[in-house]
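What follows is a set of notes on a single structure, which appears directly below.
Order of appearance sets the numbers: ligands from 1, and atoms from 1 within every ligand. Computed from a predicted model, the values in this text were never measured in an experiment.
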Amino acid sequence: MQIVHSVVRIQQLTRTLPKPVVLVPTMGALHEGHLALVNHAKKLAGRKGSTVVSIFVNPTQFGPREDYREYPRPFSRDCLLLRKKGCQLLFAPTAAEMYRPDASVVVSESQLTTVMCGLSRPGHFTGVCTVVTKLFHLVQPDIAVFGEKDFQQLAILRRMVRDLNLAVEIVGHPTVREPDGLALSSRNVFLTAEERLQAPLLQQALCDAEKRLRMRSISRLALENLIRRRIEQGALAKVDYVAVVDPETLQPKEPKERPLLLATAVFFGATRLIDNILVK
Ligand code: AMP
C-alpha cells in the first residue's frame, strides 16, 4: 500500500490510477464499519480498478467546543488494518497541506443542513462538503463510498454531487454494529463503562419505534416522543434531537408514509452519538 501525504503527489498519482477509482473518505481510528466500506469499495473497483482510502481529521468540520484535538489518531494501526484489507493507496494529508491559512472558499448546502445535526453543529456540513469536494478533486474517483450511519451527511453529499454536476457516483453502505446493536463509531472509545451500557438504547428505541409504527397508526410527534422517552430510560442519556423525516429531503414526514427515516442524536457526557433506521 502506497501512503501519500502530499497534495501535489496525490494529484500526480491519481492521473495514473487504473479505473474505476473508488474512494473511501475517513477520519481514521478505523473500525469494522470503516473496513466494511473498504471491502465494498474493493468489490466496486473489481480486480482492475483502484481502492483509495483517505484519512484526514478535518478541522473545518469541528465546532470550537468539539473534540478536534482529542479525536483519536492511531495512524500506524490504521495503516496496518488497511494493508491487511488490500487497500492500494492511502492519502493522509496534514491540515496544513489541505488548507492555506487564508483559505476563503467553501462549499455549502443550504436546505438539508438546516435540520437535525445541522442545527446542533453549525458549520459542520460546510466543513464536510468542502473537504469532500477537495478530496474528489484530488483523487478524481469514479465512485465514493459513505456509511448510512451518517445518513444526513450521505443525503447532503448526494445533493452536492447532483447540484454541482460532479462526475462521481455516491454509494451508501449499511451501518455496522456491535453485537448489542450500538453503531460502531470512533467516538465510542470516549464512553465510560456505564455510558457504554446505556448506549445501545439509541438503536433499541429506533427499532421499538419501527415495530410500533408497523402495528397501528401513530402521529409523528407521538412517535418522536416515544423514541425520546425510551432513550431517556438511560439515566446518562441527554437527547439532542429525534427526527421522523423523509430520507431524501429530511423534512418532517408522517409515519404512515414511506420511505421514512427515524434518526436521533444523543449526548452521553461530552460524547455525541448518532443513529438512524430507514423504514422502507
Ligand atoms: P468517519 O471516520 O467517522 O468520518 O467515517 C468515515 C466513513 O465511515 C463515513 O462515510 C461514515 O459514515 C462511515 N462509518 C462510520 N461508522 C460506520 C459504521 N458503524 N457503519 C458503517 N459505516 C460507518
Below 4.0 Å from ligand 1: does a non-hydrogen atom of His31 turn up there or not?
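Within the 4.0 Å threshold, so yes.
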I'd like to know whether ligand 1 has Pro25 as a neighbour, heavy-atom separation below 4.0 Å.
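It does, in that a heavy atom of Pro25 comes within the 4.0 Å cut-off of ligand 1.
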Surrounding [atom1] of [X] (heavy atoms of other residues, nucleotides or ligands, distance under 6.0 Å), is the total greater than 12?
X      : atom1 : answer
Arg65  : CZ    : no
Glu194 : CD    : no
Arg69  : CZ    : no

Arg177 and Asp275 ion-paired at < 4.0 Å:
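Between Asp275 and Arg177 there is a salt bridge, with a charged N closer than 4.0 Å to a carboxylate O.
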Give the numbers and elements of all ligand 1 atoms closer than 4.0 Å to a heavy atom of [X].
X      : value
Met27  : 1 (P), 2 (O), 4 (O)
Thr175 : 19 (N), 20 (N), 21 (C)
Phe146 : 10 (O)
Gly147 : 9 (C), 10 (O), 11 (C), 12 (O), 13 (C), 22 (N)
Leu184 : 16 (N), 17 (C), 18 (C), 19 (N)

Using the ring of each side chain (for Trp, its six-membered ring), is Phe56 parallel, tilted or perpendicular to Tyr99, with breaks at 30° and 60°?
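Answer is tilted, since the angle falls between 30° and 60°.
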Using the six-membered ring wherever Trp is involved, compare the ring planes of Phe62 and Tyr71 and label them parallel, tilted or perpendicular (cut-offs 30° and 60°).
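Answer is perpendicular, since the angle exceeds 60°.
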Would you check, one step at a time, whether the test salt bridge (Lys or Arg N to Asp or Glu O under 4.0 Å) holds for Arg229 with Asp208?
CA-CA 12 Å; Arg229 283 202 305 271; Asp208 289 355; over 6 Å; no
Donor-acceptor pair, side chain of Asp150 and main chain of Ile274, under 3.5 angstrom
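Pair absent, no side-chain N/O of Asp150 close to backbone of Ile274.
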Please confirm whether [X] comes within less than 3.5 Å of ligand 1 when only nitrogen or oxygen atoms on both sides are compared.
X      : result
Glu148 : no
Val176 : yes
Ser185 : no

Determine whether Arg214 and Glu210 satisfy the following criterion, salt bridge (Lys or Arg N to Asp or Glu O under 4.0 Å), listing intermediate values before the conclusion.
CA-CA 6 Å; Arg214 286 190 193 283; Glu210 182 185 10; 2.7 Å; yes
To the nearest 0.1 Å, how far is [atom] from its closest protein heavy atom, and which atom is that?
atom                    : result
atom 13 (C) of ligand 1 : Leu37 CD2, 3.6 Å
atom 11 (C) of ligand 1 : Asp150 OD2, 3.1 Å
atom 1 (P) of ligand 1  : His34 NE2, 3.6 Å

Applying a heavy-atom cut-off of 4.0 Å, say which part of Ser186 lies close to ligand 1: side chain, backbone, both or neither.
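Ser186 to ligand 1: no contact under 4.0 Å from either part.
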